[in-house]
Amino acid sequence: MTRIAYVDGAYLPFDEAGVHIEDRGYQFADGVYEVFALIDGHMLDVDAHLKRLDLSLEKISLVSPVSRPALLVILNETIRANNIKNGLVYMQITRGRAARNHAYPKTLHPVLSVTVRPMNETYRDHVAQSGIKVISLDDQRWKRCDIKSISLLPNVMAKQVAVEAGAQEAWMIDEAGLVTEGSSTTAWIVDAAGKLRTRPLANDILDGITRQMLFKLVDELKLELDETPFTIDEAYASKEAFSTASSLIVMPVVDIDGHKIGDGTPGPVTTKLLQSYKISNS
Ligand code: PLP
């Protein structure tokens, strides 16, 4: 079946889908995006993603070209046209086309595009059984990481360093020596005292939707949550570590910079959170 992409009002065969050479998304990374997990034909945590999208748009003074109901129709129609039941839905809104200048006229027509791709959940679950390796490196990003901007070059570079080092994710460290987040994930540990730790929300990290959803499970699972940032040394000494993202849900981290975490296998809190998240969405 031909893949279909939605671009600015049209559903197009994938290989023919594109934006103009002077789209500001292409030239300036002037745009924002969202990624939804698609399970059994339904996008997960839709309201939370759309709320974060609205906030990202507002923070860069961009107005969606379509209303929220229309956006939902477009997302679902793109899913249907691709006949994909389990996968990832990617959408982005860029400021649109203009002669290349840093400043932009207010009259531009923002461009929405949507793609859907299948995801091998069995493979993801298989990886989660043994966990992933993480490396740490300096956080070289800008000061508005709360915006889900399509400008991801430092994240791309960090992930590439990780992959070339035989790891699957890079956790980034701020100037104070504290872990901010992963290149495409939220970073968590169960510290030596047994507390679940993740960095508090501010401009230096993304408000992860999976993070929001795990917060709701914490009481139910009687876990002690502490939003105090942690150092990489605390991460090395942690009982458990994991990364979260819509594409991964909860991914156990069993090795950070060559330090084995816990006994080197996914720990009980991580496993419980993953199971509970899955159950709450089944
Ligand atoms: N942090 C960064 C930098 C990300 O890119 C992502 C996901 O893309 C996350 C955290 C996790 O966010 P979410 O749980 O909404 O997928």
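Atoms within each ligand, like the ligands themselves, are counted from 1 in listed order.
Applying the 4.0 Å criterion to heavy atoms of Gly208 picks out, from ligand 1, the atoms 12 (O), 13 (P), 14 (O), 15 (O). Those atoms of ligand 1 with a heavy atom of Thr186 less than 4.0 angstrom away are 10 (C), 11 (C). The contact set between ligand 1 and Thr185, taken as ligand atoms under 4.0 Å from a residue heavy atom, comprises 1 (N), 2 (C), 4 (C), 6 (C), 9 (C), 10 (C). Close approach of ligand 1 to Gly182 is summarised as follows: ligand atoms under 4.0 Å from at least one heavy atom of the residue are 3 (C).
The shortest N/O to N/O separation between Ala245 and ligand 1 does not fall below 3.5 Å. In terms of polar-atom proximity, defined here as any N/O pair under 3.5 Å, Lys148 does make such a contact with ligand 1. Ligand 1 has no nitrogen or oxygen under 3.5 angstrom from a nitrogen or oxygen of Asn155. Ligand 1 has an N or O atom lying under 3.5 Å from an N or O atom of Arg52, backbone or side chain. In terms of polar-atom proximity, Thr210 is counted as a contact of ligand 1, with an N or O under 3.5 Å from an N or O of the ligand.
Salt bridge annotation for Arg144-Asp146: present, with a cationic side-chain nitrogen under 4.0 angstrom from a carboxylate oxygen.
Looking from atom 11 (C) of ligand 1 to the surrounding protein, the closest heavy atom is Thr244 O, 3.7 Å. The nearest heavy-atom contact from the protein to atom 2 (C) of ligand 1 is Glu181 OE1, 3.6 Å. In terms of protein heavy-atom proximity, atom 5 (O) of ligand 1 is nearest to Ser184 CA, 3.4 Å.
Crowding of Glu58 atom CD: a count of heavy atoms from other residues, nucleotides or ligands under 6.0 Å not exceeding 12. Lys59 NZ: more than 12 foreign heavy atoms inside a 6.0 Å radius. Around the CZ atom of Arg97, the shell of radius 6.0 Å holds no more than 12 heavy atoms that belong to other residues, nucleotides or ligands.
Not counting sequence neighbours, the partners of Phe28 by the ring-ring contact (aromatic ring centres under 6.0 Å, His included) test are His102.
Under 4.0 Å from ligand 1, the heavy atoms of Leu206 that appear belong solely to its side chain.
For Ser183, the heavy-atom gap to ligand 1 drops under 4.0 angstrom.
The hydrophobic cluster containing Trp188 does not contain Val253, counting ILVMFWY residues as joined when their side-chain heavy atoms lie under 4.5 angstrom apart, directly or transitively. Leu44 and Leu274 fall within a single hydrophobic cluster, where Ile, Leu, Val, Met, Phe, Trp and Tyr are joined by side-chain heavy atoms under 4.5 Å apart, directly or via other members. Val190 is not connected to Ile232 by any chain of hydrophobic side-chain contacts under 4.5 Å among Ile, Leu, Val, Met, Phe, Trp and Tyr, and they are in different clusters.
Considering Tyr6, Tyr33, Phe36 as possible partners of Tyr90, the one that fulfils the ring pair (Phe, Tyr, Trp, His ring centres under 6.0 Å) test is Tyr33.
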